[in-house]
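Notes follow the structure.
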Amino acid sequence: MLRALAANSKGKCMKRVVVLALWGLFASSGILAQRLPDNVVPDSYNLKFEPDLSSATFTGDETIHVHLQKAATAIVLNAAEIEIKEAWIGSADFKQAAAVTTDEKNETVTVTVPTIVPAGPAEIHIRFTGILNDKLRGLYLSQTARRRYAVTQFEATDARRAFPSFDEPAYKAVFRITLVIDKGDTAISNGKIISDTPGPESGKHTLQFSDSPKMSTYLVAMMVGDFACITGGADGIPIRVCAVPEKKDLLSFALLSAENILKFYDSYYQTKYPFQKLDIIAFPDFSAGAMENTAAITYRETLLTIDDKNASVDAHQAVVGVLAHEMAHMWFGDLVTMKWWDDIWLNEGFATWMSFKPIEAWKPEWHAERNEIQQTGGSLSTDSIASVRAIRAKAETPAEIATLFDGIAYGKAASVLRMVEAYVGPEVFQKGANAYLEKHAYGNATAEDFWNQMAATSEKPVDQVMASFTQQSGAPLITVKTACAGGGSTGGFFKKKKIKETTKVTLSQERYFADAAKLGSGSQEIWQIPVSLRPAGSAETTYVLLAQRQQTFELPGCSPWVYANAGGRGYYRSDYDAATLAKMSAELETSFSPEERIHFLGDEWAMVRVGRLSLGDYLDTLEKMKGERTRALVGVMTGRFGEIHDTIAAPPDRPAFEKWVRDFLGPIAAELGATPAPGESDDRRGLRSDVFATLATYGRDPELLARSRALVEQYMRDPNSVEAALAGNALSVSALEGDAALYDKYVEHMKTAKTPEEYYNYFGALGQFPSAALAKRTFELILSPEVKNQDLFFGGLLTNVDTQAAAWELFKSNFPAIKEKAGESLSGGFATLAGVFCDAKLRDDAQDFFASQNLPGSERPLQNAKDEVNACIELRSLQQANLSGFLKKLPAKDAASVSH
Ligand SMILES: [Zn+2]
C-alpha cells in the first residue's frame with residue numbers, strides 16, 4: 001500500500017500536491033482482536049457477490065474449503081458489519097446446519113454444528129448481506145457526479161467487512177470470484193473474466209473470474225461500474241490502465257510507465273511477473289495513495305491520471321514512483337507475504353527501496369539515486385526522537401496494525417536495505433533477494449528468512465547487521481577521529497627500514513537523539529554497522545564493520561580526512577571535529593559526489609539540531625555550495641529554509657533572513673530565467689519552480705510575488721499556458737498575501753478543474769491564505785459534501801504560522817464533524833497532527849485534546865508528536881540567538897563586497 005503522506009513538516013507547505021494529513025486512514029475501530037485459532041486452514045474460497053449500487057448494499061454467498069487440523073464442532077472466522085443469513089459446515093457426505101454467534105469486539109463469528117467434524121477436509125458455506133459504506137474500507141461506495149461504483153480496499157484488516165474469512169496474512173488461499181452486476185456495467189478483479197453470462201435475473205449479468213493465485217485475504221479486489229481502460233502490455237503480460245470514463249484521456253503516461261517498469265522487474269527478478277495480467281485502476285474515492293491488490297492495483301486518481309502534455313515534472317515523477325512501488329509489491333508482498341503484520345516492513349520497506357530502480361533505468365536524467373539519499377536523510381530525521389518505534393514492532397489489534405504503516409516501515413526499512421545492498425554489492429544483493437523470493441513464493445516469510453538468506457548468499461554478517469537495525473529503535477551517530485601514523489624509519493644505520501604510513505580511523509557509536517540533553521547521555525544501543533570509509537583524494541571505498549562501542553581501523557597512507565559515509569548510502573549520522581569539517585567542506589564541490597553532498601548536509605543539520613554546530617556555520621557551508629545547480633541538491637540546501645524562517649527566526653529577524661534568502665537564491669533564479677527554454681531538461685524545469693517558490697515564500701521577493709499574481713491570472717484563464725508546477729507554486733505564493741476575493745476565485749476554479757493536478761493546485765493553496773476567517777471557510781469547505789471523504793487535509797492550515805492557532809481551535813470544535821466524515825476507523829491517524837506545532841502551549845493543548853478523545857491506536861503517534869514538538873522548541877532555543885548574530889553580521893559583509 002502507498003500510504004497517504006503525513007503533514008507534520010514544520011513551516012509552510014509549498015508543494016502543490018496537498019499534504020495529506022492521514023496515514024491512519026486504515027485504522028480500525030478500537031478492538032482487542034485476538035488471532036484466529038490455528039486449527040483450521042483455508043485452501044480456497046468460492047465467492048459470489050451481488051452489489052446493489054442504488055441501495056448501497058450487497059449480498060454474498062461463499063463456500064470456503066478448509067482443512068481441520070483436529071476434530072471440532074466450532075470454527076472461528078473474522079467478520080465485521082456483516083449479517084449472516086445462513087451457514088452450514090460439510091464434511092465427507094455429511095452436511096450440518098450451523099449456529100452462528102457474533103463477537104463484535106473481536107470482529108469474529110463462530111460457526112457451530114451439533115455433531116463433531118472430523119479432522120481433514122471440510123467446507124463452510126455462508127450466505128450473508130452487508131452495506132456498501134462510505135468510509136473507504138471493505139467493499140464500499142465510490143461516486144462521481146454521474147453514478148455510483150462499488151470498490152474494495154482490504155489492507156490491513158478489512159476483507160472481513162466484505163466476507164467472513166480467515167483474515168490474517170498467513171492464511172493464503174485461492175479465490176474464485178463471481179460477480180452478479182447490472183447489465184451495461186463491468187467489473188474488475190484479481191483474475192481475468194472467464195465467462196460473462198446474462199442473468200440470473202433480467203437486467204443482470206454474471207461475470208466469473210479466473211482463480212487467483214494462492215494469496216492473502218487483504219489482496220482480494222473487486223470493482224464494479226463503467227470503467228474506461230486503455231490497453232498495452234510488456235513481456236507477454238497484458239496491461240490495462242483504467243479510470244472512470246471522464247478521466248480516460250489522462251491514462252497514457254501511466255500505461256507507458258507500467259510497461260517500462262514491468263520490463264525492468266522481469267529483468268531484475270528471477271521469477272518473471274507471476275500473474276496472468278495486470279490491471280491498474282484509479283477511482284474517485286480512495287483512502288491510501290495506491291494499493292497492490294494482486295494483479296489489480298487500485299489508485300487515488302491524482303497519482304495515476306495526469307495530462308501527459310501539460311502535467312508537471314513532479315506529477316510525472318509521482319506516477320512512475322508510485323507505480324514502481326506498487327508493482328514491486330507484486331513480488332515483495334503478493335508473491336511472498338509477511339507472516340504477520342509485525343514484519344510489514346518486508347512489504348513496504350522493500351517496495352519503497354525497489355521503487356527507485358526502474359526509474360533510474362528508464363529515466364536516468366531524473367537522478368532518482370539522489371532522491372534515494374534524500375529519503376535516507378528524511379528517515380534518519382524521523383528516527384531521531386526518543387519514542388520512535390523499531391522497524392519490527394508488536395501489533396495485535398486492527399488499530400495497532402494500522403499504526404505500523406508509517407515512516408519507519410517505509411522509509412527507514414528502505415534506507416537500511418539500501419545500506420545493506422551497498423555493503424554486499426548490488427549483484428550479490430539481487431541474487432540473495434531472488435533466492436529468498438524463490439524459496440517463499442506463494443507463501444509467507446519472516447525477517448529472519450530474509451536476512452539469513454542474504455547472509456548465506458553474501459557470506460557477510462548481514463543477519464547481525466539487519467537484526468541490530470530492525471529490532472532497535474533509533475539510528476546511530478558515528479564520531480570519526482583520524483590520526484596519521486608511521487612515516488619516518490626504524491632500525492640501525494645499515495638496516496634502515498621505512499615505516500609504512502597509515503591513517504588510524506577511530507569510530508565510536510551512540511544513538512543519535514534530536515534532543516540535545518539525551519544525546520551523549522550514554523544510550524545502551526549498539527549497532528552492527530557497515531561503515532564505508534573513503535580517504536581524501538581517493539575514489540576507493542573500504543568497508544569496515546563497526547560492531548562495538550568504539551573501534552580503530554587502519555587505512556594505508558596519511559590522509560587529512562576520511563569520509564565515513566562514502567556513497568552516502570549508510571543509515572547513520574556522522575560527526576567530525578571542527579578542523580576536519582572545515583577541510584572537508586572546502587572540498588565539497590571537488591571531492592564529494594552529489595549523493596555524498598546530500599548526506600553531508602544532512603549530517604550538518606543533525607548537528608545544528610543538537611547545538612553542536614551553529615546555524616550560522618551551517619549557512620556558511622551553504623554559501624560555499626552556491627554553485628550547485630542540480631535540483632535534488634538545491635532542494636536539500638533550501639529544504640530547511642521554511643523551518644528557519646517560520647520556527648527558528650525571531651519575528652523581528654525574519655526580514656533579515658528573507659534578505660539573505662534573496663541574496664542566496666537571486667543569482668540562481670536570474671540564471672534560470674522566468675520561463676522554460678525549449679528542450680530544457682526536466683531537472684532544470686523542476687529546479688526553476690522550486691527556486692521560484694522558495695524565493696517568493698521565504699525571500700518574500702517583491703518582484704516574484706508580483707509575477708506569481710500574474711501567473712495565477714494567466715493560469716485561471718488557460719491552465720495549459722502555465723507550467724503546472726510553476727502554477728501550483730504561484731497559487732500558493734499568491735495566497736500568502738491573498739484576500740477573500742482571490743480566495744473566492746480559487747474555490748471557483750477548484751470546482752471546475754479539468755485534471756486532478758489542477759484541482760489539488762487550487763485546493764492545496766487554500767491553506768496558505770493568512771486570514772483566520774478564510775481558514776474557517778476552508779474548514780467548512782473540507783467538511784462539506786463538495787470535498788470527498790478521502791481529502792480531509794488539515795495539515796496546510798495547521799502548519800501555516802499565520803493561521804495556526806485559529807486553525808487549531810477550528811479543528812477542535814469541528815472534530816465531531818471531522819470524525820463523522822472520516823469514520824471512526826481513521827480518526828486515530830489525526831493524532832499525528834499534534835506534532836505540527838513548535839509551541840509549548842499548543843503542544844500541551846493538542847496532547848490533552850487527543851488524549852481525551854481516546855482514539856484507537858493514537859498512543860504512540862501522540863508520544864511521537866510530543867517528542868517532535870519538543871525537539872522543535874529546543875532547536876529554536878539553541879539556534880535563535882545564533883541566527884540573529886549571523887544575520888546582524890551580514891550588512892557589513894555586503895558593504896565589504898560593494899567596496900571592492
Ligand atoms: Zn506499499
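Note: hydrogens, waters and symmetry copies are ignored here, and every other heavy atom, side chains too, is used. Just so you know, ligand 1 is whichever comes first in the structure, and atom 1 is the first atom listed for that ligand.
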_Per the salt bridge (Lys or Arg N to Asp or Glu O under 4.0 Å) rule, what does the pair list look like for residues 332-350, sequence neighbours excluded?_
D343-R392
_Side chain proximity check, M330 to Y269, heavy atoms < 4.5 angstrom_ = no
*With the Zn ion (ligand 1) as the reference point, give the N/O/S atom of E348 that is nearest.*
OE1
*Could you pull out all residues at least two apart from W345 that satisfy ring-ring contact (aromatic ring centres under 6.0 Å, His included)?*
none
*Out of curiosity, I261 CD1 to H325 NE2, how far, rounded to the nearest 0.5 Å?*
12.0 Å
*Which single N/O/S atom of H325 lies at minimum distance from the Zn ion (ligand 1)?*
NE2
*Metal site the Zn ion (ligand 1): N/O/S of E292 inside 2.8 Å*: no
